[in-house]
Asks: 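I have a structure I would like to understand better, so I am pasting it below and will then ask my questions one at a time.
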Amino acid sequence: MGYPFHEIEHKWQAFWAKKQTFKAQELNDKPKYYVLDMFPYPSGAGLHVGHPLGYIASDIVTRYKRHKGFNVLHPQGYDSFGLPAEQYAIQTGQHPAITTKANIKRYREQLDRLGFSFDWSREVRTSDPAYYRWTQWIFSLLFDSWYDTDKNKARPINELIRIIEQAGTSDINALCDDDTPALSANAWKKLKPHEQQAYLLYYRLTYLAETEVNWCPALGTVLANDEVVQGVSERGGHPVERKKMKQWSMRISAYADRLLQGLNDIDWPEPLKEMQRNWIGKSIGASVRFQIENSTKEIEVFTTRPDTLFGVTFLTLAPEHDWVDELTTAAQKEAVSSYVRQSAQRSERDRMSEVSKITGVFTGAYAHHPITNEKVPIWIGDYVLAGYGTGAVMAVPCGDQRDFDFATHFNIPIKNIFKDVDISKAAHVAKENTVMAQSDFLDGLSYEEATIKVIEQLTQSGMGEGAVTYRLRDAVFSRQRYWGEPIPVYYVNDQPQLIDEAYLPLILPEVSKYLPTEDGAPPLGNATDWAWDTQQNRVVSNDLIDYKTVFPLEKNTMPGWAGSSWYFNRYMDPHNQEVFASKEALNYWKEVDLYLGGSEHATGHLLYARFWQYFLYDMGLVPVQNFAKKLINQGMILGESAFAYRLKDSQTFLSKGLCSGKEVVPVHVDVSLVSHQNELDVAAVKKWQPHFADATFELENGKFIVGREVEKMSKSKYNVVNPDAICYQYGADTLRMYEMFLGPVEQAKPWNTAGISGVYNFLNKYWRLFHQENTFSLNDTPASKEALKILHKTIEKVTQDIEQFSLNTSVSSFMIATNELTALKCTNREILEPLTVLLAPFAPHICEELWALMGHKESISTVPYPVADPQHLQEDTKEYPISFNGKLRFTLPLGTALSKDEIEVAVMQDDRTQTYLDGKTPIKVIVVPNKIVNIVI
RNA sequence: GCUCGAGUGGUGGAAUUGGUAGACACGUUGGACUUAAAAUCCAAUGAGCAGUAAUGUUCGUGCGGGUUCAAGUCCCGCCUCGAGUACCA
């Protein structure tokens, strides 16, 4: 029989809740520490054993830091806007707010059972108007800002207007739309107000523009690039098309370089930083302009290999390039327009799956080489993407494999510009150790030299210059969905106008249907009261729209990542009605010290949050540029799915051993019906789902054995393990320690309860250290030397482990200590009291109970953390290695006359290498303190 | 294709800057307690060889080389698995 964990856990969870033990103190003199988990999306399925992994780890650090005397902020909340709640609403007609609330309640119950020390008084929910008021407010700020390249920061749009009014746009260096027209001060003044508004959209950090977006017809909404994975939607896996639509976008591209550079200042996992670097995708190269024959126009291309300029034998434009129509000669008109039409119809996914298929068409037009003035044909090919660079490339078949393939396919000449390189079979892509040839003034130069020289030449002649391009695109910010933050904008003369911040939040209206309307308008088009009265500053009925004082409101809502891009700041001061967080709170808590979450957010949430934080910093609203100093990605806990094998076209299932040579279909079965030995409970399966009821099960050796496979935990795979069941059987403390014991937090691993008894046994053993014959008793006499050594060794090890986030090995340390103390029959208070404090972050319930039994009145979480005393840590340094009468290992060359026994060496502990004489022979002694000694003669 | 990780007993996994590989746990085997079982406790457990035994000894961290007195750890070349990304010019 084990220790009474049920009773203990209920008791202390109630105690913590009642006493508000974990409420973060406001702004006191203690050093602060902010531990944050990525807040969960409360789905209908509830928690599975994979979710708490990160929460357990962060809770251990949190409790540890509290013991260490830090004022710790450890909040939790819910990312409660999002697609699944809405899909559920569409299917059932239930308001998402209701299902979300129910899901949150369930999550909270499950979280509470695990004994987390969250400060729930600071809970935030992104779908709460008191919260999204500030999300809308940040949107307004972004709308009212532009990016000044000279100052390298965002500035208020009013300052831009003032500059334009005085001097026009000629002196402005801004990160704005590529095709922003230049304006003089006079021209600006002549614009009508709504034209001025339209013009400012070129500069605003959130702007409305006709852009190519990822349109997902099945979901009825557009998606950001990071929500599209391999041509299909991340959620649901529906096909995604490219479509031109008028959408809100966030000018994240303005921050591309800072987002890239900033990675050097934060302690985040290298793989995650690498993912962000790739996503930002900085390329350094040159812009080159090619004059079109018989035209004043120039085609601008971007290349990372300006050194290969003399190898250009044609240009290729993307089919969507703006000048395609204009360029095409009459003779080629038909071929070109049919090709353009064709490639527009090909979906993104087709284009990806048919990568190797070479297609293209000649426009009939030519351009002039910027240096040689030679005529180069202009082609169209869909291997060139409209969205990257300028949507046009200079093709160098000898140096680029795609250009090579294209040229070969269409019989375009290939010019070799590399000395002594064979390009008959493939392009020469490598740039190192190559010497230029047939390249006029570049002949004989290396790649680096040629690059510099050619850019110099182009700059001089005005035909090009060095250039940098990013892969990072502006983030589409509109969603044609219901369950999201309304965008606080109404339209006057089709131009967006902000709702004054005094009248925020703009509350999500009730609608009759959550689906988009028939005419394709977002669900908010179903709202009857969705117009803005500019006199009364409130939402009124659509019937009152007169375009004089009452105007239509924006019908799109914000994407899921809006609310999560700044929530870490709100936790610092969650109930503030005046500002999103007070200056005092922001200056005290500053940034997250430790952030835990999954790496799947690398190019979504984590990039957007960095972007918003930079912006808020530019506006002087937050004191630090980086919102999270250190980040750890916890690995996913995977499920071990179980399969029964159905004989094809039959209702017969075969035990695993009987399948070889037969055609079988694996079918998921519920893992809870399978034993550790992979034996399926056939009777239970027949009851479980009707289609198994009449099936036949062929056994082997009287058993039905299932196949196993590790997969992501998911309801549909019937491999979900619920933490409630584990808590019931073993208790929360065991679950907490077991999840840590399973392996490094960062590592993905399959859930397997096989080893849980080891951790459970440990807690029982620990309990028994304090209990003889079920009675609590401790010994107040001084502890033995051995016991003290065990204690201090454990303090040292566990402290180091937590600091280095190696929580699995600290669990081992506790087990070793407990085993050793049991063997010593140690029951001394002097040992067990500090040891219990040490264990409290890992197993808080049992430690609170023992702490109380020891006669303490206060919660153990307020007790100072024990410190290792070096006096008790001294290893057996007296005999080893200072004197060598113990074991020694020698490495002696063959034929050495000395026998091992004859050698006596004295060694200084500090010296690593010394030379000694044993009479005649000089010997080299390499010493590593406390380690092995090798002697070479 | 490119980028980044990772390969250690039957299993999960330990191993500071290169310094006694396999901590700790599961599992397995044997034993104690018990009428019996559960629970608990004790012992053994990388592989091989020699020995009644204590013990000795060889091989062992995906494969092949290298550096070093010393390599799981560093270097070079492969193989396998995982993650991310992909006509990015």
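Bear in mind that the values here come from a model prediction, so they are computed numbers and not experimental data. These values consider heavy atoms only, across backbone and side chains, with no hydrogens, waters or symmetry-generated copies.
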Asks: Using purine N1 to pyrimidine N3 plus N6-O4 or O6-N4 for Watson-Crick, or N1-O2 and O6-N3 for G-U wobble, both under 3.5 Å, which nucleotide pairs with B/rU17?
Replies: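 Matched B/rU17 with nothing under the 3.5 Å cut-off.
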
Asks: With rounding to the closest Å, how many angstrom separate the C1' atoms on B/rA6 and B/rG13?
Replies: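 Pairwise C1' distance, B/rA6 against B/rG13, rounds to 14 Å.
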
Asks: Please report the distance separating the P of B/rC33 from the corresponding atom of B/rA47, rounded so that it comes out in whole Å.
Replies: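 Rounded to whole Å, the distance is 30 Å.
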
Asks: Contact class for A/Lys282 vs. all strands (heavy atom < 4.0 Å): base, sugar-phosphate, or nothing?
Replies: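 The residue A/Lys282 makes no contact with any strand.
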
Asks: Check whether A/Gln276 reaches the backbone of A/Ala602 with its side chain - one donor and one acceptor, N or O, closer than 3.5 Å.
Replies: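 Side chain of A/Gln276 to backbone of A/Ala602: a pair is present.
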
Asks: Rounding to the closest angstrom, what is the interatomic distance between B/rG19 and B/rG72 at atom C1'?
Replies: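 Result for the C1' pair: 13 Å, nearest Å.
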
Asks: Apply the test salt bridge (Lys or Arg N to Asp or Glu O under 4.0 Å) to residues A/Glu640 and A/Lys717: give CA-CA distance (whole Å), side-chain angles for both, the deciding distance (0.1 Å), then the verdict.
Replies: CA-CA 9 Å; A/Glu640 246 189 301; A/Lys717 295 186 178 118; over 6 Å; no

Asks: Heavy atoms under 4.0 Å, any strand shown: does A/Glu270 hit a base, just sugar-phosphate, or nothing?
Replies: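 No contact.
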
Asks: For B/rA39, give its Watson-Crick or G-U wobble partner with both distances under 3.5 Å, or none.
Replies: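 By the stated definition (distances under 3.5 Å), nothing pairs with B/rA39.
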
Asks: Could you please name the option among B/rG27, B/rU40, B/rA23 that lies closest to any side-chain atom of A/Asn761?
Replies: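 My answer, after comparing the listed nucleotides, is B/rU40.
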
Asks: Ignoring hydrogens and geometry, is there a side-chain-to-backbone donor-acceptor pair from A/Lys282 to A/Ile280 under 3.5 Å?
Replies: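 No: the side chain of A/Lys282 does not pair with the backbone of A/Ile280.
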
Asks: If the P atom of B/rU28 is compared with that of B/rU34, how far apart are they to the nearest Å?
Replies: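 To the nearest whole Å, 24 Å.
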
Asks: Contact class for A/Pro744 (heavy atom, under 4.0 Å): base, sugar-phosphate, or nothing?
Replies: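 Sugar-phosphate contact only - A/Pro744 comes under 4.0 Å of backbone atoms but never of a base.
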
Asks: Across all strands, who's sitting opposite B/rU3 as a Watson-Crick or G-U wobble pair, both distances under 3.5 Å?
Replies: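 WC or wobble partner is B/rA83.
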
Asks: Can you tell me the pairing partner of B/rU73 across any strand shown, Watson-Crick or G-U wobble, with both distances under 3.5 angstrom?
Replies: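 Partner of B/rU73: none found under 3.5 Å.
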
Asks: Under a 4.0 Å threshold between the charged nitrogen and the carboxylate oxygen, would A/Arg277 count as salt-bridged to A/Glu274?
Replies: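 A/Arg277 and A/Glu274: salt-bridged.
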
Asks: Should B/rG56 form a Watson-Crick or G-U wobble pair with both distances under 3.5 Å, which nucleotide is its partner?
Replies: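 Its partner is B/rC49 (Watson-Crick or G-U wobble, both distances under 3.5 Å).
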
